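A quick write-up on the structure given underneath.
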Amino acid sequence: MSVVEQYARAHIVTDADRVAEDTAVPVVLRYDPEEPRAVRVGLPDRREWTFPRTLLEQGLRAPTGTGEVRVWPCGRVQVVVEFHSAHGVSVVQFESKTLLRFLRRTYTATAQPVSR
């Protein structure tokens with residue numbers, strides 16, 4: 001089984017991370033089958049956030065959160081992920097289809113081959 005890594009574009013929408021509203025930033029989504037319950041999100045010039053994959057799954061449908069990470073749907077086509085740290089809060093907006101594609105790839109990576 002190999003690591004799933006997907007590059008995506010997202011919008012940072014917090015005042016602290018002021019970026020032009022139409023500017024998307026590169027984000028890296030990672031999943032390692034050795035840690036089947038966790039996903040990672042790497043923001044530009046920031047640490048990589050690790051949190052439960054179920055949090056991302058549930059946040060596509062309804063607001064949810066635990067500890068430093070909160071996820072909720074924003075309309076029909078977007079999802080917001082909020083990261084809390086000692087330095088402040090970063091609010092990142094993704095297209096739902098990007099996160100769904102990533103999650104599907106993680107399910108494929110963890111699927112066990114059928115033995116005969």
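Start at 1 with the first residue, then count along the sequence. These figures come from a predicted structure and were not determined experimentally.
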Where P26 and P44 come nearest, the two heavy atoms and their spacing: O-CD, 3.2 Å
Atom pair CD (Q78) and OG1 (T98), whose distance is rounded to the nearest 0.5 Å: 10.0 Å
Side-chain heavy-atom pair V69, V81 within 4.5 angstrom cut-off: yes
side-chain hydrogen bond (donor to acceptor under 3.5 Å, both in side chains) against Q58, all qualifying residues, sequence neighbours excluded: none
Side chains of L43 and V92 in contact at under 4.5 Å (non-hydrogen atoms): yes
Which atom of G59 lies closest to which atom of V79, heavy atoms considered: O-CG1, 4.2 Å
From L99 atom CG to L56 atom CG, the distance as rounded to the nearest 0.5 Å: 5.0 Å
Within one Ile-Leu-Val-Met-Phe-Trp-Tyr cluster: V4 and Y107, side-chain cutoff 4.5 Å: yes
Side-chain heavy-atom pair T54, R37 within 4.5 angstrom cut-off: no
Verify same cluster id: V3, V28 (apolar side-chain graph, 4.5 Å): no
Partners meeting side-chain hydrogen bond (donor to acceptor under 3.5 Å, both in side chains) with R30 (sequence neighbours left out): E5, E48
For the student: nearest non-hydrogen atoms of P73 and L60, plus distance: CB-O, 3.7 Å
Under the side-chain hydrogen bond (donor to acceptor under 3.5 Å, both in side chains) test, residues paired with T66 that sit two or more places apart: none
Nearest-0.5 Å distance, CZ of residue R101 to OG1 of residue T106: 13.5 Å
Beyond-backbone contact of Y31 with R105, side-chain heavy atoms, under 4.5 angstrom: no
Atom of S85, atom of W49 and distance for their closest heavy-atom approach: CB-CH2, 3.8 Å
Euclidean distance, E68 CD relative to F51 CZ, rounded to 0.5 Å: 11.0 Å
Spacing of OG1 belonging to T64 relative to CZ belonging to R70, to within rounding of 0.5 Å: 9.5 Å
Rounded distance [0.5 Å steps], CZ in F94 versus CZ in R9: 12.0 Å
Shortest non-hydrogen separation from R61 to E57 and the atoms involved: NH1-O, 3.2 Å
